[in-house]
Participant: 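Here it is: the structure, laid out below.
In each ligand, atom 1 is the first atom listed, and ligand 1 is the first ligand listed.
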Amino acid sequence: MADGTATLALGDKSFDYKLMSGTVGPDVIDIRKLYADTDAFTYDPGFTSTASCQSGLTYIDGDAGILLHRGYPIDQLADQSSFMEVAYLLLNGELPSADELSTFKGTITRHTMVHEQLAQFFRGFRRDAHPMAIMCGVVGALSAFYHDSTDITDPKQREIASHRLIAKMPTLAAMAYKYSLGQPFVYPDNTLSYTGNFLKMTYSVPAEEYHVDPLIEAALDKIFILHADHEQNASTSTVRLAGSSGANPFACMAAGIACLWGPAHGGANEAALNMLREIGTPDRIPEFIARAKNKDDPFRLMGFGHRVYKNYDPRATAMQKTANELLDHLGVTDPVFDVARELEQIALKDQYFIDKKLFPNVDFYSGVVLSAIGFPTTMFTVLFALARTVGWVAQWNEMITDPAQKIGRPRQLYTGPVQRDYVEATKR
Ligand code: SDX
């Protein structure tokens with residue numbers, strides 16, 4: 001590439017494409033005219049070399065293990081900020097003043113209740129329904145209750161819908177958990193913080209007083225920060241693609257939840273803890289490492305590897321620190337945590353993992369922390385979705401207001417039969 005252009009030679013022709021630079025990170029080659037120029041498509045299943053948009057929200061340097069939200073390093077935000085402040089930052093681009101944060105938290109707090117009839121949707125599910133199945137359903141159903149914030153061309157309606165989604169996810173997540181237990185739903189308590197309110201809706205019962213443990217509240221708030229946004233990952237790309245058709249924000253977030261559920265993505269936290277429990281004791285680790293390296297075995301080491309990080313996922317480092325602190329505070333000695341630490345040490349010294357640059361990702365330790373707090377594994381991805389709603393909403397707003405945005409419509413390399421005539425059944 002010379003002075004800002006990339007030249008593509010195709011047969012006896014050559015085509016120049018503009019090189020675009022961001023504020024940091026890889027340049028992009030603007031190939032929007034390539035099909036019109038060459039009558040050929042680019043081919044990039046999994047989008048490993050494709051930038052789908054311009055964004056100012058989150059920057060990841062996978063080789064250096066760097067994650068920035070609006071320029072602020074994730075470890076500084078996890079240690080010094082709060083989930084509500086990070087939500088404001090992602091939505092608005094700057095850290096809020098004290099007054100701005102107070103107003104924002106007040107707005108979110110007053111949207112935490114859900115329409116009373118939404119509770120009926122839960123009653124249609126079996127009690128043992130996976131809470132992610134419930135979340136896919138009830139979040140999509142929000143668009144049937146909040147018609148006054150589905151016009152995506154109206155900035156005010158977009159803002160109200162954004163606040164409603166961020167505010168109501170904890171309420172719906174807590175309801176999904178309560179429903180699985182057969183316990184009554186607990187209404188939001190506006191005297192509590194965003195995360196404290198979620199803990200009370202999840203763990204309190206009408207028959208007793210409930211007091212939020214500030215250390216658990218702080219640990220969970222940090223976990224929410226670590227899961228808030230992550231560039232153009234699969235579920236965020238799903239939300240953007242759904243939103244590009246003009247679908248309402250509630251339906252777009254339901255699509256994001258569905259995608260996040262996959263074990264290769266947000267479902268990995270549940271899968272990682274189940275894997276650690278299946279390993280059970282450190283002496284069985286070599287057996288599982290061997291399986292992960294065996295090409296004929298579909299087994300993968302859940303919580304390891306990442307499309308972008310070819311170094312430590314900085315969120316995994318922060319999560320391990322939180323796990324240590326919380327287990328000490330709770331006086332919990334979880335053998336799963338010992339297996340996790342031993343597995344990490346063994347894997348990081350194994351040539352296969354070194355060669356393929358497979359490091360622990362955000363999902364490797366999160367299950368240990370969530371399990372210590374008392375969440376069942378089936379709730380882990382629900383908590384991921386709760387936190388990632390902030391990123392999805394911020395990315396959706398950025399996409400809607402991007403002048404370059406149009407409906408997402410990828411093409412294909414066709415490998416099916418060429419045209420042929422219909423043959424009636426008697427002649428086949
Ligand atoms: C999240 O994109 C995001 O930002 C996602 C996320 C977010 O915040 O939104 O960070 C959240 O989804 C984290 C990732 C959680 N998933 C898991 O922990 C599941 C286990 N990991 C893998 O499934 C895998 O690592 C992926 C899906 C995460 C990434 O896979 P890639 O980038 O598509 O790479 P790949 O599948 O092509 O793997 C490259 C090689 C392969 O070997 P070869 O075919 O080259 O011989 O590495 C191997 C893979 O077999 N490999 C693993 C492995 N992960 C990759 N081998 C064993 N165990 C693993 N975990």
Participant: Quick check: Ala234 and ligand 1, any N/O pair under 3.5 Å apart?
Facilitator: no
Participant: Any salt bridge between Lys321 and Asp75, counting N to O under 4.0 Å?
Facilitator: no
Participant: Please could you name the atoms of ligand 1 that Ala268 approaches to less than 4.0 Å, counting only its heavy atoms?
Facilitator: 15 (C), 16 (N), 17 (C), 18 (O)
Participant: Could you tell me whether atom 23 (O) of ligand 1 has a protein heavy atom closer than 4.0 Å?
Facilitator: yes
Participant: Counting heavy atoms only, which part of Leu301 comes closer than 4.0 Å to ligand 1: side chain, backbone, both or neither?
Facilitator: both
Participant: Of the listed options (Asp363, Thr236, Ile60, Thr58), which comes nearest to atom 1 (C) of ligand 1 when hydrogens are ignored and any heavy atom counts?
Facilitator: Asp363
Participant: Please indicate whether any nitrogen or oxygen in Lys310 is less than 3.5 Å from any nitrogen or oxygen in ligand 1.
Facilitator: no
Participant: Looking at Phe41, does the NZ or CZ of Arg411 lie under 6.0 angstrom from its six-membered ring centre and within 45 degrees of the ring axis?
Facilitator: no
Participant: Going by the atom numbers of ligand 1, which of them fall below 4.0 Å from some non-hydrogen atom of Asn233?
Facilitator: 2 (O), 3 (C), 4 (O), 5 (C), 9 (O)
Participant: Output the list of atoms in ligand 1 that are nearer than 4.0 Å to some heavy atom of Gly303, sorted by atom number.
Facilitator: 17 (C), 18 (O)
Participant: Considering only heavy atoms of Pro263, which atoms of ligand 1 have at least one such atom less than 4.0 Å away?
Facilitator: 19 (C)
Participant: May I ask whether Tyr352 places a heavy atom under 4.0 Å from ligand 1?
Facilitator: yes
Participant: Does ligand 1 have a heavy atom under 4.0 Å from the side chain of Glu231, from its backbone, from both, or from neither?
Facilitator: neither
Participant: Between the side chains of Arg284 and Glu278, is the shortest nitrogen-to-carboxylate-oxygen separation below 4.0 Å, so that they form an ion pair?
Facilitator: no
Participant: Please list the nearest protein heavy atom to atom 49 (C) of ligand 1 with its residue and the distance rounded to 0.1 Å.
Facilitator: Arg300 NH2, 3.1 Å
Participant: Considering His306, Lys357, Met302, Arg291, which one's heavy-atom position lies nearest to atom 10 (O) of ligand 1?
Facilitator: His306
Participant: Does Tyr352 have Lys356 sitting over its ring (NZ/CZ under 6.0 Å from centre, angle to axis within 45°)?
Facilitator: yes
Participant: Is the Lys NZ or Arg CZ of Arg341 less than 6.0 Å from the centre of Phe337's six-membered ring, within 45° of the axis?
Facilitator: yes
Participant: What do you reckon, does Lys293 put a non-hydrogen atom under 4.0 Å from ligand 1?
Facilitator: no
Participant: Heavy-atom contacts under 4.0 Å between Asp313 and ligand 1: side chain, backbone, both, or neither?
Facilitator: neither
Participant: Which is it for Arg307 and ligand 1 at heavy atoms under 4.0 Å: side chain, backbone, both or neither?
Facilitator: both
Participant: Test your reading of the model: is there a side-chain donor-acceptor pair from His230 to the backbone of His227, 3.5 Å cut-off?
Facilitator: no
Participant: If the contact criterion is a heavy-atom separation under 4.0 Å, does Val308 count as touching ligand 1?
Facilitator: no
Participant: Tell me whether ligand 1 is touched by Arg315 - counting only heavy atoms on the residue side and a distance under 4.0 Å.
Facilitator: yes
Participant: Salt bridge check: are Lys222 and Asp79 linked by an N-O gap of less than 4.0 Å?
Facilitator: yes
Participant: Sorted by first residue and then second, give each salt bridge (Lys or Arg N to Asp or Glu O under 4.0 Å) pair with at least one member in residues 245-258; sequence neighbours left out.
Facilitator: none
Participant: Is it the case that more than 12 heavy atoms not belonging to Glu94 sit under 6.0 Å from its CD atom?
Facilitator: no
Participant: Run the contact test for Lys295 against ligand 1 with a 4.0 Å cut-off on heavy atoms, strictly below, and give the result.
Facilitator: yes
Participant: To the nearest 0.5 Å, how far apart are OG1 in Thr58 and CZ in Arg70?
Facilitator: 8.0 Å
